Amino acid sequence: MKTGIREFLERYPVFTAKELASALNKSSEYAHLVAFRLKKRGVIKEIEKGKYSTVDDAFLAASCITWPSYIT
């Protein structure tokens, strides 16, 4: 896995393909392809249509979907 992608995945527990494209300075089509391949390999999970997560913790992912947010 490329260093830029690895750093991005470690930094953001929940992200969209648009955010991935911005971080990599690539097109959105390329980011969707990268997200598809990472999902296929089991590195990330699609938690909502167009939103991906690198963590298994549901509370962490839920609190990152919408900002600001909190869980009570």
Side-chain angles (χ1 to χ4, degrees):
M1 192 174 347
K2 292 183 179 180
T3 306
I5 296 171
R6 184 176 298 147
E7 290 172 357
F8 178 81
L9 295 177
E10 290 172 357
R11 186 183 235 170
Y12 298 102
V14 175
F15 60 92
T16 64
K18 184 177 179 181
E19 293 168 338
L20 181 60
S22 174
L24 298 175
N25 294 324
K26 300 286 184 175
S27 68
S28 62
E29 291 84 13
Y30 178 77
H32 281 283
L33 178 64
V34 169
F36 172 77
R37 289 179 178 170
L38 290 173
K39 186 173 82 169
K40 190 174 177 181
R41 290 195 317 194
V43 176
I44 63 174
K45 296 161 196 62
E46 189 169 19
I47 55 174
E48 257 185 20
K49 183 172 174 80
K51 292 190 180 178
Y52 304 94
S53 178
T54 58
V55 296
D56 290 327
D57 186 6
F59 287 110
L60 178 61
S63 64
C64 293
I65 291 175
T66 304
W67 183 262
S69 66
Y70 60 92
I71 297 176
T72 60

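Bear in mind the structure is a predicted one, so any value in this text is a computation, not a measurement.
Tracing side-chain contacts under 4.5 Å through hydrophobic residues (I, L, V, M, F, W, Y), one never reaches Y12 starting from F36; they form parts of separate clusters.
Among all heavy-atom pairs drawn from A17 and A31, the shortest one is O-CB, 3.2 Å. Between V14 and I47, the shortest heavy-atom distance links the atoms CG1-CD1, 3.9 Å.
Listed for the S53 side chain is a donor-acceptor partner under 3.5 Å among the backbone atoms of P13.
A distance of 12.0 Å separates CD of E10 from CD1 of I5, quoted to the nearest 0.5 Å. Note that NZ of K18 and NE2 of H32 are 10.0 Å apart. Values are rounded to the nearest 0.5 Å. Rounding to the nearest 0.5 Å gives a distance of 5.0 Å between CD1 of I44 and CG of L38.
Contacts of L33 classified as side-chain contact (heavy atoms from CB on, under 4.5 Å), with partners at least two apart in sequence or in another chain: R37. Judged as a salt bridge (charged side-chain N to carboxylate O under 4.0 Å, His left out), and not counting sequence neighbours, the contacts of E46 are K39.
For K45, the NZ atom is densely surrounded, since the number of other residues' heavy atoms within 6.0 Å is greater than 12.
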Side chain to side chain contact (heavy atoms under 4.5 Å, CB included) between K26 and L20, intermediate numbers included: CA-CA 8 Å; K26 300 286 184 175; L20 181 60; over 6 Å; no
